[in-house]
Amino acid sequence: MQEQLIRWHVYDNASQLQVAATEAVLKSAKTAIDENGRFSIVLAGGTTPKEIYQQLRTAQTDWSSWHVYFGDERCLPADHLDRNSRMAFDAWLSHVSIPAQQVHVMPAELGPDMAAARYSDLLAGAETFDCVLLGMGEDAHTASLFPGQVWEAADGAPAIPVRNAPKPPSDRVSLSASRLSRARQVMFFVTGAGKREAMKAWRGGEQVPVAAIRPVAGVDVYIDRAAND
Ligand code: 6PG
């Protein structure tokens with residue numbers, strides 16, 4: 001298994017991190033669109049990326065070339081306020097002109113197994129992602145890959161069902177560690193003192209979910225001092 005190459009980008013506070021992260025996403029988009037005429041991005045859930053998504057709302061970019069996927073989703077009704085897709089739409093996607101057929105929401109309202117099967121079918125023809133955005137939980141989980149659980153499908157499917165997740169809701173669907181790693185660029189966004197223990201585990205080489213994301217080009221971790229010190 002490829003070693004995890006990590007580039008740490010430390011910021012004094014979350015707002016400086018958010019500005020830098022937004023710029024990095026737009027740079028990734030420009031490179032991909034200039035080279036291939038399209039940009040595929042996998043969105044992180046949770047609360048950390050919300051401000052970054054809000055800043056993307058006013059970005060100058062060719063939205064018609066963007067193809068949006070999700071790294072994980074909670075098994076809740078499609079318009080539930082706690083859905084990762086609802087957060088992304090409210091903060092950003094509803095405010096820009098990405099063609100609707102290019103935003104691929106995980107059908108998590110169907111339950112873990114059906115959602116994983118449908119999303120795996122959708123991804124069957126998808127190439128390496130240009131950019132994957134990820135958060136990190138206080139137990140060093142990422143997407144919906146949690147410590148002590150399965151991070152890969154036995155049959156190699158790109159999307160996996162998740163049950164008994166320690167972070168509610170317990171039923172979820174997630175891209176696997178290997179599918180999240182099939183990306184030209186992976187960026188983690190980590191803020192707040194609550195993430196310090198998880199950071200120690202990660203830096204200490206523990207076999208935690210964030211450490212299982214190992215793209216060829218390595219990962220870029222955008223972290224504020226509160227989470228880092
Ligand atoms: C989710 C996310 C999850 C999140 C981390 C960090 O569904 O909750 O996919 O992996 O990224 O738990 O969450 P915060 O950004 O809210 O700390």
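When a ligand or atom number is given, it counts from 1 through the structure's own listing order. Positions are given from 1, in the same order as the sequence printed here.
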Minimum heavy-atom separation for V150 to L145, with atom names?
-> O-CD2, 4.4 Å

What do you reckon, does H141 have a nitrogen or oxygen under 3.5 Å from a nitrogen or oxygen of ligand 1?
-> yes

Please indicate whether any nitrogen or oxygen in A143 is less than 3.5 Å from any nitrogen or oxygen in ligand 1.
-> yes

For ligand 1, note which part of D72 has a heavy atom under 4.0 Å away: side chain, backbone, both or neither.
-> side chain

Side chain, backbone, both or neither: E73 near ligand 1, heavy atoms under 4.0 Å | neither

For this output row, return yes or no: ring centroids of Y222 and F188 closer than 6.0 angstrom.
-> no

Atom CD of Q101 and atom NE2 of H67: how far apart are they, to the nearest 0.5 Å?
-> 8.5 Å

Output the distance between atom CZ (R184) and atom CG (N36), rounded to the nearest 0.5 Å.
-> 6.0 Å

When you measure from atom 7 (O) of ligand 1 to every protein heavy atom, which one gives the shortest distance, and what is it?
-> R172 NH1, 2.8 Å

Could you tell me how the ring of H141 sits relative to the ring of F146: parallel (under 30°), tilted (30 to 60°) or perpendicular (over 60°)?
-> tilted

Closest approach of any protein heavy atom to atom 4 (C) of ligand 1, naming residue and atom | K167 NZ, 3.8 Å

Side chain, backbone, both or neither: the part of M136 lying under 4.0 Å from ligand 1 by heavy atom | backbone

Closest heavy-atom pair, P158 versus R179, reported as atoms and distance to 0.1 Å, is CB-CG, 3.6 Å

Is a side-chain donor-acceptor pair under 3.5 Å present for E73 with S85?
-> yes

Is ligand 1 less than 4.0 angstrom away from at least one heavy atom of E138?
-> no

Taking only heavy atoms of R74 into account, list the atoms of ligand 1 that are under 4.0 Å away from them.
-> 1 (C), 7 (O), 8 (O)

What are the atoms of ligand 1, with element, lying closer than 4.0 Å to any heavy atom of N84?
-> 1 (C), 7 (O), 9 (O)

Closest protein heavy atom (residue, atom, distance) for atom 15 (O) of ligand 1 = T48 OG1, 2.6 Å

Test item: side-chain donor near acceptor, T31 and D34, under 3.5 Å | no

Distance filter under 4.0 Å to T47 heavy atoms, resulting ligand 1 atoms | 14 (P), 15 (O), 16 (O)

What protein heavy atom sits nearest atom 17 (O) of ligand 1, and how far away is it?
-> K195 NZ, 2.7 Å

Which residue holds the protein heavy atom closest to atom 11 (O) of ligand 1, what is that atom called, and what is the gap in Å?
-> G45 O, 3.5 Å

Can you tell me if D72 and S144 form a side-chain donor-acceptor pair at under 3.5 Å?
-> yes

